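Structure first, then comments.
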Amino acid sequence: MPELPEVEMVARRLRELVVGRTVVRARLLRPGLAPAHSPPQFARWLRGARVDEVARRGKHILTHFDNRRTLVTHLRMTGRFLLLPAEEPDPAHTHALFWLDDGRRLAFTDQRHFGMMLIARRDELARAEPLRRLAPEPFDEEFTPAYLREALGRSSRPLKVVLLDQTRVVGLGNIYAAEALHRAGINPRLPARRLSTHRAEALHREILAVLAEAISAGSTLNADPRDLDAGYGGGGAERGWRVYDREGQPCFACGAPIRRFTQGARSTYYCPGCQRR
DNA sequence: ACTAAAGCCTGGCTGC
DNA sequence: TGCAGCCAGGCTTTAG
């Protein structure tokens, strides 16, 4: 489940592997992946384009080309990039292919068809969907405790649910939202508008810490460079989550059994001892 | 301006 | 053992 740190890792690896390369041929195999474009148009816009830069905005990967267009990719749940030698067959669930000028090709696979791609003019990106309404990046100066409190301040919804709203805070998914709340000692059911200034500071600090630690853990993995998403395989226990996917297991801080309940149609994990209010 | 819920999708798991 | 049905979950859309 790629959230900001995992998407950051994919973007970094993609950057190492494809910046400077030219797409000699592109093919959209499943039109639903990029519903705004016809497959021929998709192919035409990328053919002959050289990759200038790979960036990230929230959970979106931005591949900027020298033709002033940008390929926006959202991995959603199961989207992944794979760099393949020329002779290797297409992997299962391949929905887009990009042949590079060094003979290799980049495949986009997506078992569950949640991922999406869009090609937009680079100079219109920030004003266009799907980036237009995104909150500031957590590591930008703009993202301060005051911003956080302001962004959450009007909502009566549970804090955990609002943290997943990418127009308020960008980059958190179900795992890091739960982890940040646990680290800050805040109950996930707290109505967002009831977050005090003091606790907003703690939450702000822990959001940054949990994201930074995950990025740093991922960047030290010694993985196969062809494996673009190495760094986020594995389940909760292996990744060392404090609450996520640990229902019934003792909290590392206080020993109370971690609890799970449904919030906004997804599982929330928390510690009843550390996150009383 | 806000909130809630359905829908998208497939594979793995649960319970009968 | 077989299989229906549930669950995972990021995000958009629709309805209220």
Side-chain angles (χ1 to χ4, degrees), chain A residues 1-11 28-37 56-62 72-81 91-96 108-118 120 128-135 137-138 149-181 188-195 207 210-211 214 229 232-239 241 243-248 258-270:
Chain A
M1 301 136 242
E3 303 180 26
L4 186 149
E6 294 77 22
V7 176
E8 176 65 24
M9 291 316 304
V10 174
L28 179 61
L29 291 89
R30 182 177 67 85
L33 171 62
H37 320 295
R56 179 191 57 73
R57 177 73 176 96
K59 300 175 193 172
H60 302 262
I61 296 166
L62 310 180
V72 182
T73 304
H74 198 305
L75 305 171
R76 289 292 221 281
M77 302 300 297
T78 52
R80 41 185 52 172
F81 283 108
H93 313 296
T94 297
H95 298 315
F108 180 81
T109 71
D110 188 2
Q111 178 183 287
R112 285 165 66 182
H113 299 197
F114 274 28
M116 81 95 208
M117 284 186 175
L118 172 79
E129 301 292 355
L131 307 184
R132 190 169 62 85
R133 296 161 60 229
L134 291 182
E137 284 293 318
R149 186 141 188 266
E150 167 70 21
L152 305 177
R154 278 167 249 120
S155 179
S156 61
R157 288 185 296 164
L159 191 48
K160 156 71 166 28
V161 172
V162 182
L163 287 178
L164 299 179
D165 181 343
Q166 303 294 300
T167 69
R168 315 291 182 120
V169 181
V170 116
L172 295 178
N174 206 38
I175 298 173
Y176 295 112
E179 293 294 311
L181 284 170
R189 298 185 211 252
L190 183 76
R193 63 155 73 108
R194 306 261 298 272
L195 186 70
I207 287 171
V210 79
L211 293 177
D229 56 25
Y232 67 86
E238 298 160 48
R239 288 286 302 267
W241 308 126
V243 289
Y244 183 78
D245 204 20
R246 295 195 63 240
E247 183 180 17
I258 301 302
R259 285 198 191 145
R260 177 172 78 101
F261 68 103
T262 300
Q263 231 178 1
R266 38 178 48 85
S267 287
T268 294
Y269 297 86
Y270 78 110

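So you know, we letter chains A, B, ... as the sequences are listed, proteins then strands, and number each from 1. Fair warning: this is a prediction, and the values are worked out from it, not measured in the lab.
- Residue Ser267(A) is in sugar-phosphate contact alone, with no base atom involved, counting any heavy-atom pair closer than 4.0 Å across all strands shown.
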Give the intermediate values and the outcome of side chain to side chain contact (heavy atoms under 4.5 Å, CB included) for residues Val243(A) and Glu179(A). CA-CA 6 Å; Val243(A) 289; Glu179(A) 293 294 311; 3.3 Å; yes

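- Between atom CG of residue Leu62(A) and atom OG1 of residue Thr73(A) there is a gap of 8.5 Å, rounded to the nearest 0.5 Å.
- Under the 4.5 Å side-chain criterion, counting only non-hydrogen atoms from C-beta, Pro158(A) is in contact with Gln263(A).
- If you look at Tyr269(A) and Phe261(A), their ring centroids are not closer than 6.0 Å.
- A side-chain donor from one of Glu6(A) and Tyr176(A) sits under 3.5 Å from a side-chain acceptor of the other.
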Per-nucleotide protein contact along nucleotides 2-7 of chain B, 5' to 3', at a 4.0 Å heavy-atom cut-off (B base, S sugar-phosphate only, - neither), is SSS---

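- The distance between the ring centers of His93(A) and His113(A) does not fall below 6.0 angstrom.
- Two end axes, each from the C1' atoms of five base pairs, can be drawn for the helix from dC2(B)-dG16(C) to dC16(B)-dG2(C); they diverge by 60°, to 10 degrees.
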Ser267(A) vs Arg260(A), side chain to side chain donor-acceptor pair (under 3.5 Å): CA-CA, chis, key distance, verdict: CA-CA 6 Å; Ser267(A) 287; Arg260(A) 177 172 78 101; 2.8 Å; yes

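- Applying the side-chain contact (heavy atoms from CB on, under 4.5 Å) test between Val72(A) and each of Met116(A), Arg57(A), Met117(A) identifies Met116(A) as the sole match.
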Once each nucleotide of nucleotides 11-16 of chain C is scored for protein heavy atoms under 4.0 Å, what B/S/- sequence comes out, 5' to 3'? B-----

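- Atom-to-atom, CZ of Phe114(A) to P of dG10(C) comes out at 10 Å; the value is rounded to the nearest Å.
- Of the possible polar contacts, one joining the Arg149(A) side chain to the Leu195(A) backbone as a donor-acceptor pair under 3.5 Å is found.
- Residue-level contact check: Arg132(A) touches neither bases nor backbone, having no heavy atom under 4.0 Å from any strand.
- A donor and an acceptor atom, one from each side chain of Gln111(A) and Thr78(A), are nowhere located under 3.5 Å apart.
- Whole-Å rounding puts the His113(A) NE2 to dT10(B) C1' distance at 8 Å.
- Taking atom CD1 of Ile175(A) as the reference point, atom C1' of dA8(C) lies 11 Å away to the nearest angstrom.
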